[in-house]
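What follows is one structure encoded as structure tokens, with my remarks underneath.
Basis for what follows: all heavy atoms, side chains included, without hydrogens, waters or symmetry-related copies. Chain naming here is simple, since letters A, B, ... match the order of the sequence lines and numbering starts at 1 in each.
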2 protein chains.
Amino acid sequence: MDDQVLIRLQNWVTNSGLGEGDRLPPERTLCTELGVSRADLRKAYLVLEADGQLTRSVGRGTFLAKPKRPQRGDGMKRTIMSLAETTSPLEAMNARMVVEPQIAQLAAMHATPKQLQELARLSDQMRDATSWSRYEELDRDFHEMIAEAAGNSLLGAVHKIINRVRLVVVWRKLDTTDQRPPATYHSFAEHDAILAALQARNGEQAYAAMQAHLDSTLAMMTAPRTGGFQ
Amino acid sequence: MDDQVLIRLQNWVTNSGLGEGDRLPPERTLCTELGVSRADLRKAYLVLEADGQLTRSVGRGTFLAKPKRPQRGDGMKRTIMSLAETTSPLEAMNARMVVEPQIAQLAAMHATPKQLQELARLSDQMRDATSWSRYEELDRDFHEMIAEAAGNSLLGAVHKIINRVRLVVVWRKLDTTDQRPPATYHSFAEHDAILAALQARNGEQAYAAMQAHLDSTLAMMTAPRTGGFQ
DNA sequence: CCTCAGAAATTGGTTGACCATTTTTACACG
DNA sequence: CGTGTAAAAATGGTCAACCAATTTCTGAGG
């Protein structure tokens with residue numbers, strides 16, 4: 001009976017056409033509209049809030065959070081946080097190296113022209129990033145876009161989990177002298193190589209390029225006292 | 001302030017040494033012990049219950065659920081259910097084929113003798129299974145044990161997500177004439193081949209054997225009107 | 001000593017009134 | 001017409017009393 005309320009609420013939200021940051025009706029209104037008690041509605045809100053799918057603040061209202069790439073709110077925040085507590089940086093990188101090269105190979109076959117265009121745009125933006133945190137954000141988008149382009153939503157979600165866990169777990173090198181990625185940063189050329197392989201629709205080459213990129217990143221993590229971050 | 005209660009509760013549970021099915025103290029007791037209001041404790045209970053980590057029933061009490069293989073309660077139930085709604089059977093199988101052969105390869109290097117022994121026991125039990133549902137359960141344990149033996153907890157969790165999503169999504173062939181797997185069921189020999197490769201510590205062979213097993217299963221799914229399930 | 005019905009205690013679940021914060025409105029003042 | 005301030009409304013959050021299901025205790029009957 002409790003899951004039922006959550007389902008009805010999620011259906012209501014998707015059918016209402018509300019997007020990121022939009023405000024939901026007040027609890028007292030929505031609960032009568034859904035035909036449930038206010039307490040039951042609040043319980044459903046609570047688990048959605050724990051998953052990071054909405055935010056609430058007294059006096060202001062209840063608002064939808066990020067709509068994300070797989071547009072359905074997925075509710076994997078708690079999974080990611082829980083896994084991050086029991087995962088080492090090396091495990092996170094190794095998991096990446098198992099999954100991502102094959103994802104790149106699939107993407108070479110499945111990526112749409114629009115997705116390739118978006119990847120090229122991200123690659124350019126990364127070169128222009130004026131801070132490490134901005135670069136990190138774009139890099140995350142780049143890799144997640146490739147996973148989306150692989151054309152398997154489950155694989156994309158799994159990649160996202162691994163990548164997000166890694167972002168929580170992997171330390172950033174704090175002793176970098178630069179405030180932003182230098183023009184010669186190794187990942188720039190490696191990202192270009194991956195993108196070129198995808199554009200050439202060459203699966204094996206994309207696999208190898210992604211593997212090389214991750215190898216290089218792992219080496220950067222392992223080797224002390226130099227270079228950047230991913 | 002709300003996550004804080006959840007953390008404290010989880011710490012309390014892990015430090016209390018309670019195991020599967022054990023009963024927690026009554027709400028009114030535990031909330032004073034943790035120094036929080038009963039309402040706050042119930043909110044924490046609610047999200048844990050939504051993740052399937054505990055069950056409650058009025059008059060009886062609150063009980064811990066399955067302790068699971070990665071003993072830390074992981075809270076990925078909602079992730080699995082959400083992904084299952086947007087994943088097709090073919091996607092689920094393809095995701096498996098990306099991840100599981102490499103997991104088998106890693107397991108060949110990392111599995112402990114005790115894990116290999118457990119795998120052998122599961123393989124025997126599968127041959128003796130007297131119903132499809134019992135076989136299905138043992139098969140799931142067999143594959144998850146291999147993932148655990150790969151020695152990467154994040155990879156293990158990812159495999160578990162894929163496998164659980166697949167179990168929700170993939171239909172079972174209902175027109176099977178047999179009530180239980182026949183003695184000649186293809187998976188028996190394939191499981192043995194995987195196990196043999198693991199015991200021989202032969203990574204490439206384990207990779208190939210797992211790939212062959214999944215290929216055969218996929219073929220079984222695709223080919224109409226015959227055979228069983230996995 | 002055993003059995004079993006019924007009362008009492010225990011325990012999770014629910015409801016409605018009330019609280020705290022924010023936004024909106026009203027209105028006086030310049 | 002603008003502006004600032006206080007009152008009013010709106011909205012999410014909290015709490016204590018009460019409800020319902022279950023278990024445990026008690027004592028009479030045999």
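- The side chain of B:Arg28 lies closest to D:dC18 when the candidates are D:dC15, D:dG12, D:dC18.
- Summarising the geometry, the separation between CZ on A:Phe63 and C1' on D:dT11 is reported as 10 Å, rounded to the nearest angstrom.
- In this structure, B:Tyr45 places its OH atom 18 Å from C1' of C:dT14, rounding to the nearest Å.
- One cannot find a donor-acceptor pair under 3.5 Å joining the base of C:dG16 and the side-chain atoms of A:Arg38.
- Of the options A:Leu64, A:Thr62, A:Leu54, a side chain to side chain contact (heavy atoms under 4.5 Å, CB included) to A:Leu48 is made by A:Leu54 and by none of the others.
- Between B:Glu49 atom CD and C:dG13 atom C1' the separation is 11 Å, expressed in whole Å.
- Taking atom CG of A:Leu46 as the reference point, atom P of D:dG12 lies 14 Å away to the nearest angstrom.
- Between the CG atom of B:Leu41 and the C1' atom of D:dT14 there is a distance of 15 Å, given to the nearest Å.
- Per the geometry, CZ belonging to B:Arg42 stands 7 Å off P belonging to C:dT14, to the nearest Å.
- Using a 4.0 Å heavy-atom cutoff across all strands shown, B:Ala39 reaches no nucleic acid atom at all.
- Under 4.0 angstrom from either OP1 or OP2 of C:dT23 there lies at least one side-chain N or O belonging to A:Arg60.
- Minimum atom distance to the side chain of A:Pro26 is reached by D:dT11, of the listed D:dC15, D:dT11, C:dT11.
- In this structure, CD1 on A:Ile146 lies 7.5 Å from NE2 on A:His191, to the nearest 0.5 angstrom.
- A distance of 7.0 Å separates OG1 in B:Thr79 from CE in B:Met76, rounded to the nearest 0.5 Å.
- Applying the 4.0 Å criterion to OP1 and OP2 of C:dG12, one finds that B:Arg56 has every side-chain N and O outside that range.
- With hydrogens and angles left out, the side-chain atoms of B:Gln125 and B:Arg121 include a donor and acceptor closer than 3.5 Å.
- Mapping A:Ser57 and B:Leu24 onto DNA chain C by nearest heavy atom places B:Leu24 closer to the 5' end of the strand.
- Distance from the side chain of A:Val58 is smallest for D:dG13 among the nucleotides C:dT11, D:dG13, C:dG13.
- Taking atom CG of A:Asp40 as the reference point, atom C1' of C:dG12 lies 14 Å away to the nearest angstrom.
- Note: A:Tyr135 and A:Phe188 have perpendicular aromatic rings, judged against thresholds of 30 and 60 degrees for the angle between ring planes.
- OP1 or OP2 of D:dT14 lies within a sub-4.0 Å distance of a side-chain N or O belonging to B:Lys43.
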